[in-house]
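A note on names: the letters A, B, ... follow the listed sequences, proteins ahead of strands, and every chain is numbered from 1.
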Amino acid sequence: MEDNKSTGTLNFIEKIIEKDIENNKNEGKVVTRFPPEPNGYLHIGHAKSICLNFGLAEKYKGRCHLRFDDTNPAKEEIEYIKSIKEDVAWLGFDWGKHEYYASDYFDRLYNIALKLIKKGKAYVDSLTPEEIREYRGTLTSPGKNSPDRERSVEENIDLFERMKKGEFEDGKYLLRAKIDMASPNLNMRDPALYRIKRMTHHRTGDMWCIYPMYDFTHPLSDAFEGITHSVCTLEFEDHRPLYEWAVEESGEKIKPQQIEFARLNLNYTIMSKRKLLELVEKEDVSGWDDPRMPTISGIRRRGYTPESIRDFASRIGVAKSNSTVDFALLEHCLREDLNMKAQRVMAVLDPLKIVITNYPEDKTEMMEADNNPEDINMGKRMVPFSREVYIEKDDFMENPPKKYFRLSPGKEIRLKHAYYITCTEIIKDPGTGEILEVHCTYDPESRGGGTADGRKVRGTSHWVSAFHAFEADVRLYSHFFKSENPGDVTGNFRDDLSENSLEVLRGCKLEPSLKEAVPGQSFQFLRKGYFCADSVDSKPGLPVFNRTVSMRDTWAKLQRDAAKNKEHKDIKSR
RNA sequence: UGGGGCGUCGGCAAGUGGUCAAGCCACCGGUUUUUGGUGCCGGUAUCGUAGGUUCGAAUCCUACCGCCCCAGCCA
């Protein structure tokens, strides 16, 4: 991971590594790994871990392995492997030839298990799952030894081999480590090493009837690959003694060191694969890549950039305290990145027609517009202007409040890159009173958006020529959950699903250049936010846009605060 | 009542005995602005609590308090 952006201070893992390098531990090598289980899509929390592990390898000139922890055929699928690889690569990391599968180690793992049995460090247990639980004891009382604990080595070997051959039904026997049933650490009370699961594995097929447990597989896989620093999340802290036991007993040369850090929590977001799967299965979302999902594929489709995610990861830091990061930080990182990169473009999402009465009816002018004022190298483009244009409905008010400097009767505003216009008349539906269109006059001297007399025009609106506009759907996304900590109150996170996290706007008026938008391409819709052509639903010449994030909007915020204050006053005066 | 962790500004997070307790996000002011965007300037903590050690402690010691994780043949 990059240094903490401004200060270059090291996080606690970097400190450990630098000390290890100083002491020439592992000959100064740094090898990390990202070890997903292929049973779901990666999410932003995984991104933190990916950036950490690959970042560490980059920083210390080592390498980072991508290893699929595929020891449980009941939950894992090929589809997930594909998506995981895509997501890691999209984030900008390259594992090169170091793509591994725990299932590739099944033979070696089996042999080490045999070795443990021969050393008297493992035994085959015939207790039922219920009995095992009873024998384990509780948090405050020690467990007791299984009657099978002193089974002879010969008998253990025989039974284990027959487990492998598939002679027994699932659950009949279990290979357990012989450690200490009285350990205050429950993980050390003779943990399971191998269970019988007569099930087809997505990679090894029907070759195996027994599968190794995580606590056995993980440390040994690390050791096999020469991992020096095995970085995982806090909940594995208790497993560390077992991790070290396994590495030690295996006799492998490299002794990887497990280091735990706090996983990412984000407010307004859930980060559990189980819960995300539930959203997919119950069709609360369109799929794993629904733009509201915190999955990497979801935020990618939403329009987030890999750079912004990496920046986010570097800013949140790495530590051991359980913490919840403010979603606003993620949005900030995104805006900062897109501000420099996204082409500016004009799109009217909620159109109101403006007729410029003193502008020739059949005239079209091409107005020159900056593609990005932050980067002149992005050049300019020409935008057609004509007698009738659309502006946003909320850029006009018949009876404006104080400090409203958009269009209103008698007021003059600037149409960005075009002309000053002054409101002269409001045309309403005689029946409903609804505003149908607004008539204005323009100042021909203000072409391009300024005048020689230098008069100040405070309001500037974006616009689209009615004649040249093309229509498209735009999707507005907002927080998926209405509470910061979904499920906090009722215990069910789905109760906090926001009912308006997706708003589809039909027939938005877009400037013609947008017709050519490429799926996945990001734009700044001037004054509205950053939008991205949807990579699934866009068709050639007919893009659909997703709002990635809105612009910061101090005016809207002022309005909200004012409304809130009024509400409070109303309540008080009652 | 067992074991393992964690407690520094509203949210992250530096700091590991010695000038004013970094920085970022958020928030609040001001300024610039052909995006009420961006940029720029400024503002906002005495470190879970209570004792102790010391000339001096967020940093050391003691005792409390609070929060998280662990009793899958899941990872």
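- Applying the 4.0 Å criterion to OP1 and OP2 of rG37(B), one finds that Thr554(A) has a side-chain N or O inside that range.
- Contact annotation: Ser183(A) side-chain N/O to rG3(B) OP1/OP2 distance is not under 4.0 Å.
- With a cut-off of 3.5 Å on both pairing distances, the Watson-Crick or G-U wobble partner of rG2(B) is rC70(B).
- When each of rU35(B), rG36(B), rG7(B) is scored by its nearest atom to the side-chain atoms of Lys416(A), the top-ranked nucleotide is rU35(B).
- Not one side-chain nitrogen or oxygen of His462(A) sits closer than 4.0 Å to the OP1 or OP2 atom of rU35(B).
- Taking atom C1' in both rC68(B) and rA26(B), the straight-line distance is 25 Å, to the nearest Å.
- Between the C1' atoms of rA57(B) and rC69(B), the separation comes to 31 Å (whole Å).
- For Ser321(A) and rC68(B), the shortest distance from a side-chain N or O to OP1 or OP2 is not below 4.0 Å.
- Under 4.0 angstrom from either OP1 or OP2 of rA13(B) there lies at least one side-chain N or O belonging to Ser323(A).
- Put simply, the side chain of Glu374(A) and the base of rG37(B) share a donor and an acceptor less than 3.5 Å apart.
- Using atom P as the reference point in both rG39(B) and rG15(B), the two lie 28 Å apart (nearest Å).
- Set against rC12(B), rC74(B), rC73(B), the side chain of Ile316(A) has rC12(B) as its closest nucleotide.
- Listed pair Arg195(A) / rC74(B) meets the phosphate criterion, a side-chain N or O lying under 4.0 Å from OP1 or OP2.
- Remark: the Asn185(A) side chain and the rG4(B) base include no donor-acceptor N/O pair separated by less than 3.5 Å.
- Nearest to the side chain of His332(A), among rC74(B), rA26(B), rG4(B), sits rA26(B).
- Taking the nucleotide of RNA chain B with the nearest heavy atom to each of Tyr214(A) and Ala319(A), the more 5' of the two is matched to Ala319(A).
- With both pairing distances under 3.5 Å, rA63(B) is matched to rU49(B) as a Watson-Crick or G-U wobble pair.
- As the counterpart of rU33(B), no nucleotide is assigned, since no Watson-Crick or G-U wobble pattern has both distances under 3.5 Å.
- In the set rC12(B), rG37(B), rC69(B), the nucleotide with an atom closest to the side chain of Met551(A) is rG37(B).
- Across rU35(B), rC28(B), rC73(B), the shortest atom-to-atom separation from the side chain of Lys557(A) is found for rC28(B).
- Side-chain atoms of Tyr135(A) and Ile132(A), non-hydrogen and from C-beta on, never get closer than 4.5 Å to each other.
- At a cut-off of 3.5 angstrom, counting only N and O atoms as typed in the model, there is a donor on one side and an acceptor on the other between the side-chain of Gln524(A) and the base of rU35(B).
- Phosphate contact (OP1/OP2 of rG36(B), side-chain N/O of Arg527(A), threshold under 4.0 Å): present.
- As rounded to the nearest Å, rU1(B) and rU44(B) have C1' atoms that lie 44 Å from one another.
- Centre separation under 5.5 Å together with a plane angle under 30° holds for the ring of Trp555(A) and the six-membered base ring of rG36(B), marking them as stacked.
- Proximity note for Met213(A) (side chain, C-beta onward) versus rC74(B), rC68(B), rC70(B): the nearest is rC74(B).
- Each of Lys509(A), Lys393(A), Lys528(A) was compared with Asp350(A) under the salt bridge (charged side-chain N to carboxylate O under 4.0 Å, His left out) criterion, and only Lys393(A) meets it.
- Comparing rA21(B) with rU16(B), their C1' atoms sit 14 Å apart, to the nearest whole Å.
- A donor N or O paired with an acceptor N or O is found under 3.5 Å between the base of rU35(B) and the side-chain atoms of Arg344(A).
- Taking atom C1' on both nucleotides, rG5(B) is separated from rG48(B) by 16 Å, rounded to a whole Å.
- Between Tyr243(A) and His218(A), the ring planes are tilted. Angles from 30° to 60° get that label.
- Aromatic rings from Tyr268(A) and Phe327(A) are positioned such that their centres are separated by 6.0 Å or more.
- Here Arg136(A) contributes atom CZ and Lys144(A) contributes atom NZ; the two are 13.5 Å apart, rounded to the nearest 0.5 Å.
- Searching all strands for a Watson-Crick or G-U wobble partner of rC27(B) with both distances below 3.5 Å returns rG43(B).
- Between rC69(B), rG5(B), rG36(B), one nucleotide has an atom nearer to the side chain of Lys320(A) than all others, and that is rG5(B).
- Nucleotide rA75(B): unpaired (no Watson-Crick or G-U wobble partner with both distances less than 3.5 Å).
- Between Arg552(A) and rU38(B), a side-chain N or O to OP1/OP2 separation shorter than 4.0 Å is present.
- Side-chain N/O atoms of Arg133(A) include one lying less than 4.0 angstrom from OP1 or OP2 on rG72(B).
- Straight-line distance between the C1' atoms of rA63(B) and rU53(B): roughly 15 Å, to the nearest whole Å.
- One finds no side-chain N or O of Arg263(A) lying less than 4.0 angstrom from the OP1 or OP2 phosphate oxygen of rG5(B).
- Taking 4.0 Å as the cut-off between side-chain N and carboxylate O, Arg33(A) and Glu225(A) do not count as a salt-bridged pair.
- For the C1' atoms, the distance from rG52(B) to rA22(B) is 30 Å, rounded to whole Å.
- When each of rC12(B), rA75(B), rG72(B) is scored by its nearest atom to the side-chain atoms of Glu37(A), the top-ranked nucleotide is rA75(B).
- Between Lys121(A) and Trp245(A) the shortest side-chain heavy-atom distance falls below 4.5 Å.
- Of the candidate nucleotides rG15(B), rC73(B), rG3(B), rG3(B) has the atom nearest to the side chain of Asp238(A).
- Considering only side-chain atoms of Arg458(A), the nucleotide from rU33(B), rC73(B), rC25(B) that sits closest is rU33(B).
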Derivation of the side chain to side chain donor-acceptor pair (under 3.5 Å) call for Tyr41(A) and Glu79(A):
CA-CA 9 Å; Tyr41(A) 278 58; Glu79(A) 175 200 352; 2.8 Å; yes

